[in-house]
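Written out below as structure tokens is the structure these notes cover.
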Amino acid sequence: MNADLIVYNIGQLVTSKELLIPNDGESLMENIEIIQGGYLAVSGGEIIGIGKGDVPSKFVKFTTKLIDAEGKVVTPGLIDSHTHLVHAGSRENEFLDKIQGVPYLEILEKGGGILSSVKSTQQATEEELVFKAKKSLKRMLGFGVTTIESKSGYGLDRNTELKQLYVNERLNHEQEVEIVSTFMGAHALPKEFKNNREGFIESVIALLPEIKEKKLAEFFDVFCEEGVFSIEESRKMLLEAKKNKLKLRLHADEIINIGGAQLAVEVGAYSADHLMAISENGIKALKNSKTIANLLPGTSFSLNKEYAPARKMIDEGVQVALSTDYNPGSCPTENLQLIMQIAALKLKMRPKEIFKAVTINAAKSLGKDKKIGSLEIGKKADFVIFDANNIEYILYHFGISHTKKVFKGGCLVFKK
Ligand code: NIG
Ligand code: FE
């Protein structure tokens with residue numbers, strides 16, 4: 001079959017295709033294919049050929065666009081599977097308190113933190129939210145990110161939650177990064193409900209049928225944390241969401257261990273996220289499940305907290321993804337490459353593990369691994385050409401973006 005587009009002279013082609021068994025001495029998370037010296041052929045936005053060596057002549061016609069990768073690294077489009085993209089305002093007014101050690105949950109209790117972003121988001125127009133989110137998405141694309149997950153949760157009332165989800169829907173049509181939408185109505189308890197937790201939880205549950213019917217979200221998420229929503233409260237909402245045919249993910253064991261990872265596994269969540277305070281039992285539960293451990297080391301970095309025990313989890317056989325957690329409070333950055341660099345330096349994750357985490361495992365955590373997350377025949381031609389000769393270099397030279405070109409569905413969408 002003829003190709004519309006061929007990328008040739010690729011130095012390292014990280015396909016992220018999973019090998020049945022890892023190479024000798026490698027972890028279960030290092031079982032991805034990397035082709036040394038290869039090509040990629042695309043037609044109609046999909047991959048029709050991929051392999052080692054020179055491009056087979058059957059792919060080339062006189063109209064085929066040829067791109068010389070100049071011996072550099074090519075990977076699948078990166079996937080950021082945990083963001084709080086849609087919100088108004090920023091929280092630099094809390095920054096000094098934060099760096100002087102005032103705890104995150106204490107700022108929240110005083111009506112700051114998430115609740116302050118809720119106020120600004122309630123007051124913002126849809127247009128304002130779209131404008132701000134687009135600015136962030138453009139940055140993300142520049143870091144090589146072609147798909148993200150985006151949560152509501154800065155509304156906490158019907159209208160604002162729906163407004164955030166409508167923004168997700170609009171963004172999917174109005175710019176290049178693909179958005180997977182999550183309803184996170186239970187992100188914090190609004191002050192008005194301080195003495196009526198049950199009432200708030202019922203109000204979140206009451207929104208589920210409408211959100212499903214209007215196809216405003218694919219996933220449902222809860223901030224399951226001591227002082228936010230308990231295990232029992234979270235379980236109740238998660239099971240209702242499941243009844244309404246939403247897929248599940250969960251903010252689990254971020255600050256204090258209350259068994260969030262086990263709950264995520266119990267309800268069949270696609271991911272358990274954060275896990276800085278995960279227990280031995282939590283690790284065991286994840287290991288024997290399909291739930292992906294979605295680690296967000298930028299949040300530990302920014303809150304000056306413990307890092308999730310990634311090395312231990314991976315060595316025990318847990319499958320890990322990595323995301324930014326981009327939000328105005330605990331992690332105000334869109335830079336997934338920085339997160340990957342922190343994962344190397346602080347989580348001691350190895351280069352192949354890191355690339356697996358932000359490609360095929362992130363795709364699995366979003367239930368999208370049939371279409372994206374690896375470069376294989378029949379999958380979407382979302383890929384990145386990096387200005388680096390090997391993947392180690394991308395992690396080693398930190399704090400910058402190594403992206404050279406980004407392609408989404410075979411189209412060039414970013415060029416340095
Ligand atoms: O994932 N943990 C809860 N939610 C976000 C923080 C949101 C905020 O501080 O605005 C997180 O870290
Ligand atoms: Fe989060």
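The first residue in the sequence is number 1, and the count goes up from there. Counting convention: from 1, in listed order, for ligands and their atoms alike. Predicted model only: the values in this text are computed from it and were never measured.
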Salt-bridge present (Glu280, Lys312; N to O < 4.0 Å) = yes
Find, among atoms of Asp325 that are N, O or S, the one nearest to the Fe ion (ligand 2), and state its name.
-> OD1
Measuring to the Fe ion (ligand 2), does Cys331 have an N/O/S atom at a distance below 2.8 Å?
-> no
Atom name of the N, O or S atom of His82 nearest to the Fe ion (ligand 2) is NE2
Contact flag His274/the Fe ion (ligand 2), N/O/S atoms, threshold under 2.8 Å = no
Do Ser323 side-chain atoms and Ser81 backbone N/O form a donor-acceptor pair below 3.5 Å?
-> yes
Okay, side chain of Lys163, backbone of Gln122: is any donor-acceptor separation there less than 3.5 Å?
-> yes
Could you tell me whether a side-chain N or O of Lys65 sits under 3.5 Å from a main-chain N or O of Asp4, the two making a donor and an acceptor?
-> no
Which protein residues have a heavy atom closer than 4.0 Å to any atom of ligand 1, listed by chain and number?
-> His82, His84, Arg91, Tyr104, Ile114, Tyr154, His187, Phe223, His251, Glu254, His274, Asp325, Asn327, Gly329, Ser330
Does Leu216 offer a backbone N or O that forms a donor-acceptor pair with the side chain of Ser181 under 3.5 Å?
-> yes
For residues 42-49, which side-chain donor-acceptor pairs fall under 3.5 Å, sequence neighbours excluded?
{"unit_1": "Glu46", "atom_1": "OE2", "unit_2": "Lys371", "atom_2": "NZ", "d": "3.2"}

Using 2.8 Å as a strict upper limit, say whether an N, O or S atom of Asp273 approaches the Fe ion (ligand 2) that closely.
-> no
Identify, with sequence neighbours excluded, every residue that meets salt bridge (charged side-chain N to carboxylate O under 4.0 Å, His left out) alongside Lys405.
-> none
For Gly259 and Asp253 the tightest heavy-atom approach is N-OD1, 3.3 Å
For Phe219, what residues pass the ring-ring contact (aromatic ring centres under 6.0 Å, His included) criterion, not counting sequence neighbours?
-> Tyr270
Determine which of the N, O or S atoms in His251 is closest to the Fe ion (ligand 2) and give its atom name.
-> NE2
